[in-house]
Amino acid sequence: MTVFSTEFNSLSVYENPSGCHKLPLDGHVLVNRTDKPVTLYGDPFCMTPGMTVQPDHGAHVVPGTGSFSA
């Protein structure tokens with residue numbers, strides 16, 4: 001799992017993620033580089049209804065909030 005924030009920051013890389021992970025505050029794009037679907041959430045606790053991101057696909061995320069689960 002990789003999250004792009006800005007041109008000024010390094011990528012946030014999550015090796016073999018499992019469970020709920022809060023996205024970086026300035027996160028902008030999530031890329032699912034795992035071999036299974038992950039779910040994006042609009043809250044930091046993986047509690048709201050989520051959007052599924054399939055392997056080798058990505059999605060825009062709202063900076064300042066959100067999380068994902070794998």
Side-chain angles (χ1 to χ4, degrees):
M1 183 73 52
T2 304
V3 177
F4 168 77
S5 293
T6 71
E7 291 80 1
F8 306 105
N9 296 352
S10 298
L11 296 171
S12 297
V13 179
Y14 301 83
E15 296 290 334
N16 303 313
S18 68
C20 182
H21 297 269
K22 184 174 181 343
L23 291 166
L25 287 176
D26 56 355
H28 184 68
V29 176
L30 176 139
V31 179
N32 183 358
R33 302 298 295 167
T34 70
D35 60 355
K36 58 186 175 184
V38 299
T39 305
L40 277 175
Y41 301 92
D43 70 280
F45 306 108
C46 299
M47 301 289 287
T48 58
M51 177 182 100
T52 301
V53 180
Q54 297 297 324
D56 291 323
H57 287 76
H60 287 273
V61 298
V62 177
T65 66
S67 58
F68 73 90
S69 65

Cluster link Leu30 to Met51, ILVMFWY, side chain under 4.5 Å: yes
Table please: side-chain donor-acceptor pairs of residues 11-28 below 3.5 Å, with sequence neighbours left out.
{"from": "His21", "atom 1": "NE2", "to": "Ser18", "atom 2": "O", "distance (Å)": "3.1"}
{"from": "Asp26", "atom 1": "OD1", "to": "Ser5", "atom 2": "OG", "distance (Å)": "3.0"}
{"from": "Asp26", "atom 1": "OD2", "to": "Asn9", "atom 2": "ND2", "distance (Å)": "2.4"}

Check your understanding: Would Val53 and Val3 show up in the same hydrophobic cluster when neighbours are defined by side-chain heavy atoms closer than 4.5 Å?
Key -> yes
**Asked** Side chains of Pro55 and Asp35: does their closest heavy-atom pair fall under 4.5 Å?
**Response** no
The complete set of salt bridge (Lys or Arg N to Asp or Glu O under 4.0 Å) pairs with one or both residues in residues 48-60, sequence neighbours excluded, reads Arg33-Asp56
Smallest heavy-atom separation, Ser67 atom then Asp43 atom, equals OG-O, 2.7 Å
Practice item. May I ask you to check whether over 12 heavy atoms, not counting those of Met47, lie within 6.0 Å of atom CE? Key: no
Report task. Under the side chain to side chain contact (heavy atoms under 4.5 Å, CB included) rule, what do Asn32 and Met1 come out as? Steps first, then yes or no, please. Result -> CA-CA 5 Å; Asn32 183 358; Met1 183 73 52; 3.9 Å; yes
